[in-house]
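Single-structure report; data block below.
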Amino acid sequence: MLRTHTCGQLRKSDVGHEVTLCGWVESKRDHGGAVFIDLRDRYGLTQVVVGPPEAEASLIDEAGRIPTESVILIKGKVADRLEGKTNDKLDTGDIEVRTEHLEILNTCATPPFTPSQSDLPGEDLRLKYRFLDLRRKEMQQGLMMRSKIIKTMRDFFAEHDFIDVETPILGRSTPEGARDYLVPSRVHAGKFYALPQSPQLYKQILMVAGFDRYVQLAKCFRDEDLRADRQPEFTQLDLEMSFVDADDVMGLIDGLVARTAKEVLGKEVKTPLPRMTYDEAMCRYGHDAPDLRFDMEIVNVTSVAAKTEFRVFRGTADAGNFVRGLNVKDAATKYSRRQIDDLTNYVKEFGAKGLAWFRVEEDGTLWSPISKNLDEAHLAEIKELMKGEPGDLLMFLADTWEVTCKGLYALRKRLGAELKLYSPDQLDCSWITEFPMFEKDEETGNWSAMHHPFTAPLARDLNKLDEDPAACRAQAYDLVINGSEAGGGTIRIHDSTTQSKVFELLGIDEATAEDRFGFLLNALRYGAPPHGGIALGVDRWVMLLAGLDNIREVIAFPKTQKAADLMTEAPGDVDTDQLTELHLRTVGIKKD
RNA sequence: GGCGCGGUAGCUCAAUUGGUUAGAGCCCCGGACUGUCGAUCCGGAGGUUGCGGGUUCGAGUCCCGUCCGCGUCGCCA
């Protein structure tokens with residue numbers, strides 16, 4: 001090692017010792033006769049003094065000319081700082097190193113930005129110069145937390161007898177699910193591999209093989225449009241277990257959540273984690289990943305709306321649709337007409353036609369631009385249902401079930417953030433269970449699997465496969481952390497009768513099934529144990545535990561919204577020779 | 001693909017209703033300085049206002065197109 005200590009290590013007890021430090025020059029204060037250097041590495045920052053009597057004039061002069069962010073090595077004695085010159089913002093602030101020897105290991109070109117500057121540059125520049133961005137404390141802390149979370153996961157599953165098995169990156173495309181990233185085959189002209197969207201099929205095969213408890217940190221790829229919490233390549237903690245039911249899987253993950261929160265954040269999370277069915281989540285929060293850090297539940301007032309003369313309410317109820325709303329506690333004076341107009345435009349983005357609202361006045365009556373359309377009795381009933389108290393703001397959407405869900409979910413989420421209804425360090429983890437097996441494609445009217453076609457229905461819903469597919473619930477469960485889907489899993493079908501029925505419902509005939517999943521169906525015929533599992537979104541876990549709202553902040557080299565890497569400039573051009581070898585030719589590309 | 005926000009010096013931002021030579025701080029360069037820790041002081045350099053077109057006597061500002069970044073809807077079994 002070139003160094004004897006890190007830049008975060010030295011304390012008062014080291015005073016008098018001869019040390020060697022290596023690091024980056026974060027900043028430099030040149031007084032001519034002496035130079036103060038803040039030397040940084042990932043462990044911390046130590047003040048280095050280059051001045052008399054230890055350093056000669058030439059060395060002091062050289063130190064003054066070192067460019068910021070250069071890498072240097074210094075040797076010297078640890079010394080107490082002068083009386084009153086300590087820095088209590090630094091762990092190493094009681095001491096400094098008096099430099100006797102200094103080597104510039106490598107200079108730094110003038111950087112477009114520095115890791116220590118307070119004004120963060122635009123994200124495009126940060127991504128282009130990711131090596132500088134990653135020198136920032138926040139980025140280093142995020143990646144260190146990521147590493148710690150992964151270690152906790154690995155320890156946990158090793159202790160629970162899981163076997164880590166790697167599955168292929170080059171697989172075959174299956175038409176279900178997200179768009180695949182394809183890799184052309186050189187050897188097989190015109191054929192393609194697909195990068196895995198998840199190791200789903202392989203892990204089931206591993207169960208058939210008897211591995212019983214499989215786990216993997218798996219890179220997954222989906223060629224879909226990006227979001228703040230979505231990257232085209234991401235990491236799943238993927239696992240599968242034999243001879244288990246949904247309770248077993250959730251119980252196991254409860255333990256992991258509690259342990260991770262404890263080890264990484266020092267927080268206690270009570271287990272078992274609360275559970276809520278999908279139906280209940282949709283009724284109370286309008287979404288299958290509700291943010292449970294704050295209340296403000298959706299209330300259904302359709303029964304009252306149906307009795308009113310107000311055309312919008314009455315018409316909605318008569319058409320079999322819904323009037324549902326939120327009670328925004330204590331917000332009547334916090335939102336002006338203009339701001340409510342903004343909210344109205346906001347919910348329109350989600351398909352709502354408008355936003356009806358009422359203020360609960362001091363005398364307990366409801367005031368609204370539309371209240372003249374409603375009887376006092378009905379207003380009182382609405383207030384009662386909404387548990388309205390003076391100062392509250394009641395907001396309603398009148399629309400289809402789906403639109404009221406989407407609009408009120410979005411509205412609640414926005415209001416929760418705007419009104420700061422939760423604290424940034426809150427951690428709420430819960431399960432959403434009993435997802436529907438199927439959803440109907442609006443255009444074609446066909447059923448499709450909500451999760452995947454191998455998801456087992458609830459035992460008590462088996463008969464509904466024939467009678468009422470829409471009401472058939474699955475043995476599927478999602479882990480939700482702070483309103484974000486942090487993982488999801490299912491118990492799989494392991495008997496061929498049920499599997500055939502599900503395929504039939506999905507419109508997948510025997511030949512198609514064989515063609516798409518033949519290898520899995522074949523394996524299932526050779527003694528498949530009952531099995532199920534879950535996949536956890538590692539990037540999202542890190543983001544949520546770090547209290548961040550953007551997944552790119554916890555990924556070392558993320559891609560932009562257009563799925564580009566601004567540092568390497570991937571994706572890039574390739575030689576025509578390479579294309580020829582792969583039996584490819586590009587067509588229909590617009591010239592710049 | 002739709003909607004919204006943004007792009008001005010290396011960086012972060014400003015620039016009145018469309019009106020003089022597009023400014024400031026930081027960074028950078030040169031100089032001074034032995035106790036700073038956002039060092040200080042003096043001086044200096046630095047601009048195709050993302051790109052292309054249009055309107056106008058005049059465009060950073062208005063219009064059209066386009067590229068890039070971000071958010072979001074669709075999409076993401």
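Residue numbering restarts at 1 for every chain, and letters A, B, ... go by the order of the sequence lines. Just so it is clear, the structure is predicted and the values come from calculations on it, not from any experiment. The basis for the numbers below is simple: all heavy atoms, side chains too, and nothing from hydrogens, waters or symmetry mates.
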Taking only residues two or more places apart in sequence or in another chain, which ones pass ring pair (Phe, Tyr, Trp, His ring centres under 6.0 Å) with A/Phe113? none
Check every atom of B/rG35, B/rU34, B/rC11 against the side chain of A/Ala34 and return the nucleotide holding the closest atom. B/rU34
Check A/Arg473 with A/Glu434, please: is the shortest side-chain N to carboxylate O separation under 4.0 Å? no
Considering every strand and a 4.0 Å limit on heavy-atom distances, what is the contact class for A/Arg40: base, sugar-phosphate, or nothing? nothing
Does A/Leu90 or A/Leu120 map to a spot on RNA chain B nearer the 5' end, using the closest nucleotide for each? A/Leu120
Pairwise ring-ring contact (aromatic ring centres under 6.0 Å, His included) hits with a residue in residues 38-76 of chain A, at least two apart: none
May I ask whether A/His31 stacks on the base of B/rA39, given the cut-offs of 5.5 Å between ring centres and 30° between planes? yes
Given the P atoms of B/rU49 and B/rC57, what is the spacing between them in whole Å? 22 Å
Can you say whether the rings of A/Tyr278 and A/Phe435 are parallel (under 30°), tilted (30 to 60°) or perpendicular (over 60°)? tilted
Please, which pairs that meet side-chain hydrogen bond (donor to acceptor under 3.5 Å, both in side chains) have at least one residue in residues 548-560 of chain A, sequence neighbours excluded? A/Glu123-A/Arg552, A/Arg126-A/Glu553, A/Glu233-A/Lys559
For A/Asp119 and A/Arg29, take the nucleotide of RNA chain B holding the closest heavy atom to each; which residue's nucleotide lies nearer the 5' end? A/Asp119
Separation of atom NZ in A/Lys559 from atom P in B/rC70, rounded to whole Å: 13 Å
Which residues pass the side-chain hydrogen bond (donor to acceptor under 3.5 Å, both in side chains) test with A/Lys440, not counting sequence neighbours? none
Is the ring centre of A/His287 less than 6.0 Å from the ring centre of A/Tyr285? no
With hydrogens left out and only the distance checked, is there a donor-acceptor pair under 3.5 Å joining A/Arg126's side chain and the base of B/rC11? no
Distance below 4.0 Å between A/Thr110 side-chain N/O and B/rG10 OP1 or OP2: no
Are the ring of A/Phe113 and the six-membered base ring of B/rC11 within the stacking cut-offs of under 5.5 Å and under 30°? no
Kindly write out the residues that satisfy side-chain contact (heavy atoms from CB on, under 4.5 Å) with A/Gln236, not counting sequence neighbours, or none if the list is empty. A/Ser198, A/Pro199, A/Cys220, A/Arg222, A/Phe234, A/Asp238, A/Ala535
Using a strict 4.0 Å threshold on nitrogen-to-oxygen distance, state whether A/Glu54 and A/Lys75 make a salt bridge. no
Strand partner of B/rA45, provided both Watson-Crick or wobble distances fall under 3.5 Å: none
For A/Tyr193, enumerate each residue passing the ring pair (Phe, Tyr, Trp, His ring centres under 6.0 Å) test, keeping only those at least two apart in sequence or located in another chain. none
Using a 4.0 Å heavy-atom cut-off, does A/Glu485 contact any base of the nucleic acid, only the sugar-phosphate backbone, or nothing at all? nothing
Expressed in angstrom and rounded to an integer, what is the separation of A/Glu83 atom CD from B/rU34 atom P? 23 Å
When the C1' atoms of B/rC76 and B/rC5 are compared, how many Å lie between them, rounded to an integer? 24 Å
A/Leu566 CG - B/rC67 C1' separation (whole Å): 13 Å
Suppose you measure atom P in B/rG46 against the same atom in B/rG58; what distance do you get, rounded to whole Å? 29 Å
Checking base pairs now: Watson-Crick or wobble, both atom distances under 3.5 Å. What partners B/rC5? B/rG69
Only pairs with both distances under 3.5 Å count, Watson-Crick or wobble alike; so what is the partner of B/rU17 in this structure? none
What is the separation between atom CG on A/Asp38 and atom P on B/rG38, rounded to the nearest whole Å? 9 Å
Residue set satisfying side-chain contact (heavy atoms from CB on, under 4.5 Å) with A/Thr68, at least two apart, ordered chain then number -> A/Thr114
In whole angstroms, how far is the C1' atom of B/rC37 from the CZ atom of A/Arg81? 7 Å
Residues in residues 43-76 of chain A with a heavy atom under 4.0 Å of RNA chain B, by number, are A/Gln47, A/Pro52, A/Thr68
Would you give a per-nucleotide map of nucleotides 71-76 of chain B, 5' to 3', where B means the base has a protein non-hydrogen atom under 4.0 Å away, S means only the sugar-phosphate does, and - means neither? BBBBBB
Does A/Lys89 make a side-chain N or O approach to OP1 or OP2 of B/rC37 shorter than 4.0 Å? no
